[in-house]
Amino acid sequence: MGVRPWSLVAVALVPVALGATLSGAPAHARSSTSPASGHAGHGGGAGRDATVSDRLAGTLGGPAPVPHAPTGTATATGATTGSKTAATTHSAATMSATPSAALGAVAATTTTASDAWSTVGTFRTAEGWYAAPIHATLLPDGRVHFIGIARESDPPTQNGRARRVSWVFTPPAPGVTPASDIVITEVAEPVEHTGTPYGDASLYDDLYCTSATLDDTGRVVTAGGTRIVSDGTTGELRYTLGLPYQTVFDGTTWERIPGEMVGRGYLDSAARWYPTLTRLPDKRMLVTGGLELITLDASGTDNRSLETLDPHTGERALVSGHTQTPVSIHARDYTIVFVLPYAGADSDLLMVADSGTPVTTAAKAGAPWNVLGQRPAHGTTDQPGWGASSVMLPIRPGSGADAPYRNGSILVAGGDMVGSYQRTADVLDPVTGEWGPSIDLGINRHHPDSIVLADGRVLLLAGHDMTGATDVTRAQYVDPLSDFSVTTGTTSSGVIRGYHSVALLLPDGRVLVGGGRDVVTADSLEKPTYQIYTPDYLSRARPIIASAPTQLEYGALFQLPTVGTPSEVVLVALGSQTHSFDTGQRVVQLPIGVTYSRPDGAALSIVGTPVDSHVAPPGYYALVVLDGARTPSVAKVVHVG
């Protein structure tokens, strides 16, 4: 189940009075509106949407950069034999890139930051089994919803019994040492089969390897999961299927959404294992990709289709069928999907998968697929996206061509164990379609966890290095506002947390980290433990939000009283992370119109809200103020939209 070494084919922010705009629009380097039929691949004529920049220039009050096509062309091809998908090679144009330092085994970073790790806490079920988290979602009330797997022993054994497990956890308060053993209160997963006889076989469903994220009302929505088909007499595994249904959890009640998903894969089933679930600007959820069937020899079939779900009505709609969707969006884990902050763009979704070849499209039937340049090459591998982690960099007012990066830019860190991808981070500008110079992290990380902090830096945690190096137990910070400089934490977690680890930014600014396998993932199982990571900024005096509204509407102003004069105000979407990708997290800087300060340190700021739901999709966010040293306050959780 967990380790799968096979190859499957697979903006204006406030009213005009504050004068803040987002500039740019996604590049359409190569458009494919009619991929080849069957499984042979996809193609299409070169071209780009010349109307996007014109429209943005007219609606956002200023000229938008003209998208540039990368040199060369980008393609994605695949081949299948019968019902089993064969290994393929993804070729694409390579953008020029100069690593910041020689890529090798020696750490290149020397700057350090004072940080801290808590002791280890272990999750136990009521009967004493060990519960390992694999999916983690921060609920609006500050609790964490975990979906994982429970085993009889710690360390677990490959032949030991295992079962599904989910629970809700309240992280310890700052300054409180985690209990060494935490007895969890389980929440029953609303699955269809629990050892259900099916001919001479038995069916068992769980939400291990589902996709989960918050909807606009703060409920956890899941799509897909795992269906184990085993011998009804011996219990021996025969094969694994994806799940065809979705669920919703409101913090108390967990229910299955009636009906099945509508997107069908190679075997014409609606099953999905490892799909990606994304909250859209119109409150619908987008389901992307996944697998239908996985056989004992670690091969199988994919379901590349895209579909939407209205979590309030249960209505589903097909966006792109399996054969109409590029092979390049297929991932062995989860396809990385981002909503771009440009409401006027025809292609407002950016996707990156194992091939490392980004594509843009839209969540509407018939939308074109636009292929961008592949992630810069550092080795012989053709899978630069496998095992990588990715985040969208903070969205900032007026982030144009002269800014450190353009709004909508993403950072891709770590990756394939072949070559040097695991030691680099790369930044893609979706407006130009170009990758910037590679960033040398100095530490090899395959399947790392990445988090955008409220101060704008990208925090890298966990992952593994096939040499067994323990430097992955230290955290790293990549600062986009300081020429993407890299800083390494001084302390070690003491625990290798590789594949299947999770990391969530908490409202108080700490980070919860848990689960994960060891260096050789095929020979290890998930750890039933967690730790709290304390970033370097928590050693400084912090600004304080005196009070905040609970609801923010788009295109409005609100008053924000603080202790200390804020230099920035940001919204951080509540996270939902698994397998090195957070489907929910997003950071949006809000423009400050004016601040009234008093001699006693109290201040009142007039702050603008996001202009639309492309900048900040509707839902719950952590509202944070930062001082002149970019020290974040404790957050206030607010609802947007």
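- Ile184 is not listed as a side-chain neighbour of Arg124, based on a closest heavy-atom distance of 4.5 Å or more.
- Scanning all heavy atoms of the two residues, the minimum distance from Arg497 to Val513 falls at CD-CG1, 3.8 Å.
- Checked against the 6.0 Å centroid threshold, Phe581 and Tyr334 do not count as a close aromatic pair.
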CA sep, side-chain torsions, deciding dist, call: Ser389, Ser450, side-chain hydrogen bond (donor to acceptor under 3.5 Å, both in side chains): CA-CA 6 Å; Ser389 185; Ser450 58; 2.5 Å; yes
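- Residues Thr111 and Thr488 fail the side-chain proximity criterion, which asks for heavy atoms closer than 4.5 Å.
- Contact check on Arg457 versus Asp536 returns a salt bridge, with a Lys/Arg side-chain nitrogen under 4.0 Å from an Asp/Glu carboxylate oxygen.
- At a threshold of 4.5 Å between non-hydrogen side-chain atoms, the residues Ile395 and Val615 count as touching.
- Side-chain N/O atoms of Ser166 and Glu189 include a donor and acceptor closer than 3.5 Å.
- A centroid separation of less than 6.0 Å is found between the aromatic rings of Phe249 and His145.
- Counting heavy atoms from C-beta outward, Asp348 and Tyr342 have side chains that stay 4.5 Å or more apart.
- No donor-acceptor contact under 3.5 angstrom links the side chains of Thr185 and Trp167, judged on distance only.
- Look at Asp215 and Arg279 and you find no salt bridge, because none of the NZ, NE, NH1 or NH2 atoms lies under 4.0 Å from a carboxylate O.
- In this structure, His500 has its ring center under 6.0 Å from that of His579.
- Listed here is the closest heavy atom pair of Asp455 and Arg630: O-NH2, 2.8 Å.
- Salt-bridge annotation for Glu186 and Arg164: absent, with no side-chain N of the basic residue lying under 4.0 Å from a carboxylate O of the acidic one.
- Under the 3.5 Å distance criterion, with hydrogens and angles disregarded, a donor-acceptor pair is assigned to the side chains of Asp216 and His312.
- At least one side-chain heavy atom of Phe558 sits under 4.5 Å from a side-chain heavy atom of Leu590.
- Judged by distance alone, the side chains of Thr276 and Thr288 never bring a donor and an acceptor atom under 3.5 Å apart.
- The minimum heavy-atom distance between Thr222 and Ala212, with the atom names listed, is CG2-CB, 4.0 Å.
- In plain terms, the two heavy atoms of Leu138 and Val144 that are nearest each other are CD1-CG2, 4.2 Å.
- Checked by atom type and distance alone, the side chain of Arg445 pairs as donor or acceptor with a backbone atom of Ala462 at under 3.5 Å.
- Residues Leu207 and Gly224 share a closest heavy-atom pair of CD2-O, 3.8 Å.
- For the 3.5 Å distance criterion, the side chains of Thr112 and Thr490 fail to qualify, holding no donor opposite an acceptor.
- Of all heavy-atom pairs spanning Arg284 and Ala363, the tightest one is NH2-O, 3.4 Å.
- Residues Leu277 and Thr583 form no side-chain contact, since every pair of their non-hydrogen atoms from C-beta on lies 4.5 Å or further apart.
- A centroid separation of 6.0 Å or more is found between the aromatic rings of Tyr130 and Phe123.
- For the 3.5 Å distance criterion, the side chains of Asp449 and Ser501 qualify, holding a donor opposite an acceptor.
- No hydrogens or angles considered: a donor-acceptor pair under 3.5 Å links the side chains of His447 and Asp333.
- In summary, Arg406 and Asp429 engage in a salt bridge, as defined by a charged side-chain N under 4.0 Å from a carboxylate O.
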